[in-house]
Amino acid sequence: MDYPVGVKAWKIDHFRNAHDNYLQSLSKNASFDLHIANPEWNGLSQLERYNRCTRNLQWVLRTALDNDLNLRAMGSGWSLSKVSVSDEAIINTKRYRHKFLLSEENFASGHLANHRAEDYRFLQCGNTIIDINEHLENESIPPKALPASGGSNGQTIVGGFSTNTHGAAIGFGGLPEMIKGIHVVCGPDRHYYIERESEVVTSRTFHDKIGAVGIRDDALFNAILVSFGSFGIIHGVLVSVEDKYLLQQKLARIPYNQQLEDVIVHGDFSGIAAHLSYPPNDAAHPIYHFELAINPHDFAYGDAGKGAYVRVMHKIPYRNDYPRIDYPSQGYTYGDDVLGLMQTVLDKIEGTFGWLNKQLIPKMVNTLFDTAFERPDAAIGTIGETFRNTVFRGKLFSAAIGLDRRDVPAAIECCLKVNETTKLAGAMAFRFVKGTRATLGITRWDDSCVLELDGVDSRVNHQFFHRLLDRLETLNIKYAIHWGKINKLIDARRLEYMYGSEVIEEWKAQRSRIMDPEVQRLFNNEFMEGCNLHEYVPYLAPVA
Ligand SMILES: Cc1cc2nc3c(=O)[nH]c(=O)nc-3n(C[C@H](O)[C@H](O)[C@H](O)COP(=O)(O)OP(=O)(O)OC[C@H]3O[C@@H](n4cnc5c(N)ncnc54)[C@H](O)[C@@H]3O)c2cc1C
């Protein structure tokens, strides 16, 4: 096959994800590797290179159609389920790392009257969160920062928001909330720039420069925002950024009591003020991040010694003279979330017993949980210094569900009940996140909380997850399973329980709106078919 400059064959016949949760067979050497550092492109402006990349993505789609190749774009490949793979060919987007600071003419008329151009970046899809943090915090003048992050930061920007990656930004939300425009290639002859009609940021001039047809439509934008690679290839995104700031965090083990439930259910931090770095309603140092970790093997209501680990971060103005976080070279660090903690646990088990002794894990979790939290109880850093990369070792289990935060106390009871008979080989984390407007967003409640089960990838944890979902359904508690974590349990029935048929049909119709049936078929995969999201639903109105 003759590849255009900037596209190479990706010579693989299978893909295994970083945590070894699945193996996907692929057609031999049919995958695509995208490049931007091509000598033939020397002398081209960054915009010209970007536009060449768009043409290459269209070429990939044409080739896939001609060869009947099932296709999917991949980011960092961090997802723990098969959302990011196809049955035949995948596209490596990770070298697509152009970054643009837009000039005035690229903004919609009047937008800059009350917004600043420096508060946006147009980013190519393969930029990782690490890379963006470095660019914004250390290279940009003036220094800027992302408003949100996951607990680790190796995801690509598009891979991250496409599965609703989130941290615990209680007043901001997850990665989808910082996305203001999406440039998507969804056919060999068409590509669109999509933004919300209710939040227009860019001008027609900008759309013309990237050669895209502009669509301003809330329903379409909200549908594509969390669409796990199924709406075509997202080439670039407009991201809102802000002035560089610091996060000041404090960690404490505190009793699980009514005061903590007031925080969980109502966001009322007054009862745990003693454990915060600043008063709860201090407008100059607002609470940015709130998360809990619970070890189900060492937990009792109202008992500080068996309480919850609470981590709260305040957002404070940037200053240069703060003590830098001293990262140990090994073990659990401030950047790690509970998943990182479980990695430490697994390392210790492997070192002590070898891999066959996984039945010892609950006991090990118990003894190591406190050790893992043995660290200074306060730290300060930028968002890029606070949420860092994770080193992969071993087969980890990580599943998560979005919940209405008012249901969290009942969900904790469900976990403890299930744990009586099915011991979780791991721990529970609860991260509180402001809701999203994404149609299939997992943080779909105004005040959402994501319950995570992190541990070893053993059968008992899969059983635990299954039983937990059954129990939540028995109590009619709504949940939404994370698209990027272990999610084999999503099927058509559960999807309907999670979102309701009207929402699902709306999402499907928006998907079919921007793709012809034969192109849409390219982006269906086993995962989509398993939950009945693959169907073509004709969209009767004009596309744009
Ligand atoms: C160590 C670790 C820590 C994690 N921490 C968190 C956390 O704190 N919070 C959280 O919510 N999740 C977390 N996750 C899950 C992770 O954030 C998601 O799985 C995320 O989607 C991974 O991003 P990625 O770049 O690796 O994307 P991939 O896994 O490669 O892809 C994710 C989806 O995006 C699609 N996609 C990627 N690029 C494009 C493109 N250019 N165009 C169209 N579609 C595209 C893919 O097709 C796929 O469906 C973690 C995972 C790991 C392994």
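The figures that follow rest on heavy atoms only: side chains count, while hydrogens, waters and symmetry mates do not. Just follow the structure's listing: the first ligand is 1, and inside any ligand the first atom is 1.
Of the polar atoms of Glu452, none of the N or O atoms is found under 3.5 Å from an N or O of ligand 1, judged by distance alone. In terms of polar-atom proximity, Leu80 is not counted as a contact of ligand 1, lacking any N or O under 3.5 Å from an N or O of the ligand. Residue Thr163 has at least one N or O atom closer than 3.5 Å to an N or O atom of ligand 1.
In summary, the atoms of ligand 1 found under 4.0 Å from a heavy atom of Phe228, numbered by their order in the structure, are 47 (O), 49 (O). With ligand atoms numbered from 1 in the order given, ligand 1 contributes 7 (C), 8 (O) to contacts under 4.0 Å with heavy atoms of Gly151. Counting the atoms of ligand 1 from 1 in the order shown, those under 4.0 Å from a heavy atom of Gly484 are 19 (O). Applying the 4.0 Å criterion to heavy atoms of Val83 picks out, from ligand 1, the atoms 48 (C), 49 (O). Remark: ligand 1 atoms within the under-4.0 Å shell around heavy atoms of Gly232 are 43 (C). Every atom of ligand 1 is numbered from 1 in the order shown, and the set under 4.0 Å from a heavy atom of Val158 is 38 (N), 39 (C), 40 (C), 41 (N), 42 (N), 45 (C). Counting atoms of ligand 1 from 1 in the listed order, those under 4.0 Å from a heavy atom of Met74 are 30 (O), 37 (C), 38 (N). Residue-ligand proximity, Gly150 to ligand 1, at heavy-atom distances under 4.0 Å covers atoms 8 (O).
The residue His235 has no part lying near ligand 1, judged by heavy-atom distances below 4.0 Å. For Ala73, heavy-atom contacts with ligand 1 shorter than 4.0 Å involve the backbone as well as the side chain. Of the heavy atoms in His166, both backbone and side-chain atoms come closer than 4.0 Å to ligand 1. With a 4.0 Å cut-off on non-hydrogen atoms, Arg431 touches ligand 1 through its side chain and not its backbone. At a heavy-atom distance under 4.0 Å, only side-chain atoms of Cys125, from C-beta outward, approach ligand 1.
When ring centroids are compared, Tyr50 and His183 come within the 6.0 Å threshold.
The nearest pair of heavy atoms linking Leu136 to Ala145 is CD1-C, 3.8 Å. In terms of heavy-atom proximity, Leu23 sits nearest to Lys82 at O-NZ, 3.7 Å.
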Residue pair Arg494, Tyr479: steps toward the side chain to side chain contact (heavy atoms under 4.5 Å, CB included) verdict: CA-CA 10 Å; Arg494 278 215 176 78; Tyr479 60 77; 3.2 Å; yes

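Cation-pi geometry between Lys315 and Tyr245 is satisfied (NZ or CZ under 6.0 Å from the ring centre, within 45° of the ring normal).
The residue among Phe231, Phe387, Trp78, Trp483 with a heavy atom at the shortest distance from atom 50 (C) of ligand 1 is Trp78. When the heavy-atom distances from atom 42 (N) of ligand 1 to Val237, Ile224, Ile234, Leu71 are ranked, the shortest goes to Ile234.
Not one N or O on the side chain of Thr165 forms a donor-acceptor pair closer than 3.5 Å with the backbone of Leu175. Judged by distance alone, the side chain of Asn21 and the main-chain N or O of Phe397 form no donor-acceptor pair under 3.5 Å.
Side-chain contact, Lys94 with Thr156: no donor N or O sits under 3.5 Å from an acceptor N or O.
For Gly174, the heavy-atom gap to ligand 1 stays at 4.0 angstrom or more. Using a 4.0 angstrom heavy-atom cutoff, Gly77 counts as in contact with ligand 1.
We find that Arg311 and Glu291 are joined by a salt bridge, their nearest charged nitrogen and carboxylate oxygen being less than 4.0 Å apart.
Interatomic distance, Leu123 CG to His98 NE2, rounded to the nearest 0.5 Å: 12.0 Å.
Side chains of Asn222 and Arg196 form a contact here, defined as non-hydrogen atoms less than 4.5 Å apart.
Between Phe228 and Trp507, the ring planes lie parallel to each other; the angle is under 30°, not in the 30° to 60° tilted range.
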